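A short write-up of the structure that comes next.
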Amino acid sequence: MKSTVIKEFSKADLESPTLIEGFPGLGMVGKIAVSYLIKQLKARKFAELYSPHFPYHVVVNKKGGIRLLRAELYYWKGGWRTCDLILLTGDSQAQTIDGQYEVAAKLLDFAEKYGVRRVITIGGYRSDSGEPKVMCASNSEKLLRAAEAAGARAAPSGSPIVGIAGLLPGLTSFRNMEGLCLLGETRGYLPDPLAAKKVLEVLTRLLNIPLDLSMLDEEIEKARKLEGSIRGIEAKRALRADRLRRMEERRVSYIS
């Protein structure tokens with residue numbers, strides 16, 4: 001494989017769909033959010049993307065089978081209530097600058113073929129604040145204001161949005177599309193379902209998607225317990241290090 005390819009399993013009959021992306025990244029916010037959308041909406045997979053710019057290893061399943069890393073594209077028909085959706089997630093982002101641009105270009109080519117005129121990406125925004133907020137950035141003033149009305153806040157000036165979450169909406173300006181990035185505040189060192197839920201609250205209001213978010217609450221509680229356990233371990237390590245330091249200081253003082 002010398003370049004990025006998209007393999008379609010079937011054709012989706014979609015009307016001006018919105019593309020929503022959520023790849024692994026800070027706090028796994030995008031991955032968690034889009035995976036939840038796919039599951040709850042019972043979206044159908046219709047294409048896969050493979051790229052030599054993904055990490056050079058394979059995924060091993062429970063039966064010992066292997067497969068290459070990939071991105072997956074699903075579709076959902078919104079009917080009269082909301083717009084049709086193309087949902088995009090995957091195992092990894094491209095590992096090089098050239099790879100990021102190549103994957104983004106292939107995805108936008110694919111999106112254009114299906115009449116996509118709006119691209120929304122989801123990611124994490126590093127923050128140590130308590131209750132996470134949702135930041136937004138867009139190449140469209142109208143879409144940015146709509147996101148703010150749905151509960152997001154405009155991202156601070158000068159904040160870089162790294163990776164596919166930034167590139168996709170950034171490149172939409174060359175495709176006659178609107179691009180919006182929704183970023184959930186997260187500490188980022190653990191998967192953060194709470195930040196993902198906050199982003200989905202904004203997204204569902206923005207697009208009028210009928211989605212029950214309560215199934216994330218159990219994952220949020222598990223994440224809180226895990227974070228508490230890690231903090232407890234870190235506190236014990238810090239206490240032990242301080243104790244050893246004091247013992248060493250006393251030993252040096254005694255020898256002197």
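In this text, all values refer to a predicted model and were calculated from it rather than measured experimentally. Side-chain atoms are counted along with the backbone in the values below, which use heavy atoms only and exclude waters and symmetry mates.
Put simply, the side chain of Asp84 never gets that close to the backbone of Lys77: no donor and acceptor are under 3.5 Å apart. Remark: side-chain polar atoms of Glu185 are paired, donor with acceptor, to backbone N or O of Lys133 under 3.5 angstrom. Although no hydrogens or angles enter the test, the distance criterion places a donor-acceptor pair under 3.5 Å between the side chain of Ser35 and the main chain of Lys31. Within the 3.5 Å criterion, the main-chain N or O of Met135 finds no donor-acceptor partner in the side chain of Arg153. Although no hydrogens or angles enter the test, the distance criterion places no donor-acceptor pair under 3.5 Å between the side chain of Ser92 and the main chain of Phe54.
Contact annotation: the side chain of Leu167 approaches that of Tyr101 to within less than 4.5 Å [non-hydrogen atoms, C-beta and beyond]. Residues Leu88 and Phe23 form a side-chain contact, since some pair of their non-hydrogen atoms from C-beta on lies under 4.5 Å apart. Side-chain contact between Leu108 and Met177 is present, with at least one heavy-atom pair separated by less than 4.5 Å. Using a 4.5 Å cut-off on side-chain heavy atoms (C-beta onward), Val119 and Leu107 make no contact. The side-chain heavy atoms of Leu73 and Lys7, taken from C-beta on, include no pair separated by under 4.5 Å. Taking the side chain as every heavy atom from C-beta outward, Cys181 and Tyr125 never approach each other to under 4.5 Å. Between Leu144 and Cys136, the closest side-chain pair of non-hydrogen atoms falls below 4.5 Å. Within the 4.5 Å cutoff, no side-chain heavy atoms of Ser140 are placed close to those of Leu180.
Applying side chain to side chain donor-acceptor pair (under 3.5 Å) to Thr4 and the options Lys106, Glu102, His53 leaves one that passes, Glu102. Exactly one of Phe110, Phe9, Trp76 qualifies for a ring-ring contact (aromatic ring centres under 6.0 Å, His included) with Phe46. That residue is Phe110. Shown are Ile32, Leu200, Thr89; of these, the side-chain contact (heavy atoms from CB on, under 4.5 Å) with Leu37 is made only by Leu200.
In this structure, OH on Tyr114 lies 9.5 Å from CG on Asp13, to the nearest 0.5 angstrom. Here the CG atom belonging to Leu206 is positioned 11.5 Å from the CD atom belonging to Glu148, to the nearest 0.5 angstrom. Annotation: the span from Leu211 atom CG to Lys39 atom NZ amounts to 12.0 Å, rounded to 0.5 Å. Atom-to-atom distance recorded for Lys45:NZ and Leu87:CG is 13.0 Å, nearest 0.5 angstrom. One distance of note links OG1 of Thr172 with CD1 of Ile120; it measures 11.0 Å at 0.5 Å rounding. Atom-to-atom distance recorded for Glu201:CD and Arg205:CZ is 6.0 Å, nearest 0.5 angstrom.
Leu183 and Gly124 get closest at one heavy-atom pair: CD2-O, 3.9 Å. Closest heavy-atom contact between Ala104 and Leu171: CB-CD1, 3.8 Å. Of all non-hydrogen atoms in Lys11 and Glu8, the two that sit nearest each other are NZ-OE2, 3.4 Å. Looking at every heavy atom in both residues, Asn139 comes nearest to Ser173 through ND2-OG, 3.0 Å. For the pair Ser138 and Gly179, the tightest heavy-atom approach, listed with the atom from each and the gap, is OG-O, 2.7 Å. When all heavy atoms are compared, the tightest approach of Ala147 to Leu182 is CB-CD2, 4.4 Å.
The salt bridge (charged side-chain N to carboxylate O under 4.0 Å, His left out) search around Arg117 returns none, not counting sequence neighbours.
Residues Glu178 and Arg118 are not paired through a salt bridge, judged by the lack of any N-O separation under 4.0 Å between the basic side chain and the carboxylate. Ion pairing of Lys198 with Glu131 is present here, as a side-chain N (NZ or NE/NH1/NH2) and a carboxylate O approach within less than 4.0 Å. Ion pairing between a basic and an acidic side chain is recognised when a charged N comes within 4.0 Å of a carboxylate O; Asp192 and Lys197 show no such pairing.
Tyr56 and Val103 are members of different hydrophobic clusters when ILVMFWY side chains are connected at heavy-atom separations under 4.5 Å. Hydrophobic clustering places Leu14 together with Ile6 (ILVMFWY residues linked when any side-chain heavy atoms are closer than 4.5 Å, directly or through intermediates). Cluster annotation: Val34 is not connected to Leu26 through the hydrophobic network of ILVMFWY side chains, with a link wherever side-chain heavy atoms come within less than 4.5 Å. When hydrophobic clusters are built by joining Ile, Leu, Val, Met, Phe, Trp and Tyr residues whose side-chain heavy atoms come closer than 4.5 Å, directly or via intermediates, Leu41 is grouped together with Tyr36. Linking Ile, Leu, Val, Met, Phe, Trp and Tyr residues whenever their side-chain heavy atoms come within less than 4.5 Å places Leu207 and Leu216 in a single cluster.
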Thr121/Ile161 under side-chain contact (heavy atoms from CB on, under 4.5 Å): CA gap, chis, key distance, verdict: CA-CA 11 Å; Thr121 63; Ile161 303 174; 5.9 Å; no
Working for salt bridge (Lys or Arg N to Asp or Glu O under 4.0 Å), residues Arg67 and Glu48: CA-CA 12 Å; Arg67 66 167 177 82; Glu48 292 175 345; over 6 Å; no
Stepwise side-chain contact (heavy atoms from CB on, under 4.5 Å) test for Leu68 and Met1: CA-CA 11 Å; Leu68 291 171; Met1 186 191 305; 4.1 Å; yes
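Inspection of the Asp212 and Ser214 side chains reveals an N or O donor paired with an N or O acceptor under 3.5 Å.
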